[in-house]
Amino acid sequence: MSDELTLLAEAGATAVVAAMATDLWQGARAGVLGLFRRNAPDSAAPVGARLDEGAALVRTSAAPDDVRRALAGIWARELHELLRRDPACRVPLARLTAEVDGAFASGRAAVVLEQNNTARDSGTVFAVQHGDIHTTRGAGGATRQDPDVGPQ
């Protein structure tokens, strides 16, 4: 029984942190909060805050997969404890895990990227996520993109 709970908690945690910073996040977050709310309604707010902190770390990290790995261990322990206290959470957690895993397997999950770039006082911003951009200044200060590099 304990091994089953451990495996389900680990699978659930992996699915939840994988959903962070994707379009699946709000549904996964709501599912986790619903599980915690079943057993202890007052726990939803602090659990939600911890989930949001983790999601923010994933979104802003230069190494989101490393953050996800660390968070998966934390959430596996949280979910295991929840399952130990309330074994009836097994079915909804398994369903949530399958939904998230299925969305990733079918390619329906999309990563949501946030990037804020601000140029002030006649400044110029050249920004790209997950790639490279090469620019040069031509005659008269005009900017042009390197012809060997396509848009990112």
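Atoms considered below: every heavy atom in the structure, side chains included; atoms not considered: hydrogens, waters and symmetry mates.
- For Ala19, the side-chain contact (heavy atoms from CB on, under 4.5 Å) partners at least two apart in sequence or on another chain are Thr22, Leu24, Trp25, Ala28, Val100.
- Across all their heavy atoms, Leu33 and Gly48 have their closest contact at CD2-N, 3.4 Å.
- Taking CG from Leu79 and CG from Leu96, the interatomic distance works out to 9.0 Å, rounded to the nearest 0.5 Å.
- Side-chain contact between Val58 and Val17: absent, with no pair of heavy atoms (C-beta onward) separated by less than 4.5 Å.
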Kindly list each side-chain donor-acceptor pair under 3.5 angstrom involving residues 69-78, sequence neighbours excluded, with atom names and distances?
from: Arg69; atom 1: NH2; to: Asp66; atom 2: OD1; distance (Å): 2.3
from: Arg77; atom 1: NH1; to: Gly73; atom 2: O; distance (Å): 3.2
from: Glu78; atom 1: OE1; to: Arg50; atom 2: NH2; distance (Å): 3.1
from: Glu78; atom 1: OE2; to: Arg50; atom 2: NH2; distance (Å): 3.3

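- Minimum interatomic distance between Val32 and Val47 (heavy atoms only, all atoms of both residues): CG1-CG1, 4.4 Å.
- Between Met20 and Gly54, the shortest heavy-atom distance links the atoms SD-C, 3.7 Å.
- Residue Ala15 comes nearest to Asp101 through the heavy atom pair CB-OD1, 3.8 Å, listed as atom of the first residue, atom of the second, then distance.
- Among residues two or more places apart in sequence or in another chain, the side-chain contact (heavy atoms from CB on, under 4.5 Å) test is passed with Ser61 by Ala63, Pro64, Val67.
- Looking at residues two or more places apart in sequence or on another chain, you find a side-chain contact (heavy atoms from CB on, under 4.5 Å) between Ala40 and Ser43.
- For Glu81, the side-chain contact (heavy atoms from CB on, under 4.5 Å) partners at least two apart in sequence or on another chain are Arg84, Arg85.
- Shortest non-hydrogen contact noted between Arg90 and Leu8 is O-CD2, 3.6 Å.
- Scanning all heavy atoms of the two residues, the minimum distance from Arg59 to Ala21 falls at CG-CB, 3.7 Å.
- Rounding to the nearest 0.5 Å gives a distance of 11.0 Å between CG of Asp86 and CG of Leu93.
- For the atom pair OG1 of Thr6 and NE2 of His80, the computed distance is 3.5 Å after rounding to the nearest 0.5 Å.
- Partners of Asp52 by salt bridge (charged side-chain N to carboxylate O under 4.0 Å, His left out), not counting sequence neighbours, listed by chain and number: Arg29.
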